[in-house]
Amino acid sequence: MPLFEQLDLSLPTGPSLVVLGRDFALEAKAREMLQQLDATELARAIHVEWNARLFSAAGRADFRRKLVSLNPRLREHDALEIDRTLRHELAHLLAQFRAGRRRVPPHGTEWRKACRDLGIGDESRCHTLPFPIQRRTRRFLYRCPRCGKDFPRVHRIKRAIACLECCRKFNRGKFYRRAQLRLVEPEP
Ligand SMILES: [Zn+2]
Ligand SMILES: [Zn+2]
């Protein structure tokens with residue numbers, strides 16, 4: 001009989017729950033910044049998400065999907081760090097948006113111009129997370145097969161464990177086998 005345990009997502013150094021998925025507040029902020037720069041189409045399409053699969057990168061920008069992904073571990077730092085990473089990644093999208101079909105180099109002139117327009121003219125660093133936290137993470141990534149939510153863990157999970165939200169939703173809070181977390185990274 002598998003044990004049912006309330007998932008606690010706190011990381012060793014991080015105090016808080018790691019919330020994954022889209023972040024509508026950051027998305028609204030991104031939209032506003034882009035609108036002010038007359039990148040209306042991009043503003044309309046922009047998505048911002050927290051993605052636990054970014055192991056050492058602070059963020060990532062996907063122009064095709066108009067998507068900025070942020071590493072949940074950024075939350076261990078202050079809001080400024082989140083803001084700066086958001087702008088850094090937006091600058092990638094903005095630079096490519098302005099260039100149209102021409103491909104722009106990742107941290108070239110166009111990107112630097114976009115950084116200035118987004119208020120981070122002094123941006124020089126790249127995507128790696130600031131200081132110690134990037135090292136210790138050979139984390140395990142589990143996923144709920146029912147809702148698809150990701151659960152990053154520091155240690156391997158030895159017992160059967162299920163996604164609390166799905167257990168509540170589909171099985172009145174009792175262990176729900178179809179929401180039993182599966183290891184996705186490293187591949188089992
Ligand atoms: Zn970059
Ligand atoms: Zn679930």
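Counting starts at 1 for both ligands and their atoms, following the listed order. Numbers here simply count residues along the sequence, with the first being 1. All of these numbers come straight from a predicted model, not from anything done at the bench.
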(message) To the closest 0.5 Å, what do you measure between CG (D83) and CD1 (I120)?
(response) 8.5 Å

(request) Only counting residues at least two apart or in another chain, list the ones meeting side-chain hydrogen bond (donor to acceptor under 3.5 Å, both in side chains) with D23. (result) W50

(message) No waters, cut-off 2.8 Å: how many protein N, O or S atoms are close to the Zn ion (ligand 2)?
(response) 4

(request) Kindly check if the number of other-residue, nucleotide or ligand heavy atoms within 6.0 Å of CD (E165) is above 12? (result) no

(request) Could I get the full list of salt bridge (Lys or Arg N to Asp or Glu O under 4.0 Å) partners for R44, not counting sequence neighbours? (result) none

(message) Need one value: angle at the Zn ion (ligand 1), H88 atom NE2 versus H92 atom NE2, rounded to 10 degrees.
(response) 110°

(request) Report the residues that fulfil side-chain hydrogen bond (donor to acceptor under 3.5 Å, both in side chains) with R146, sequence neighbours left out, ordered by chain and then residue number. (result) none

(request) Using the six-membered ring of F63, assess whether NZ or CZ of K66 lies under 6.0 Å from its centre and within 45 degrees of the ring axis. (result) yes

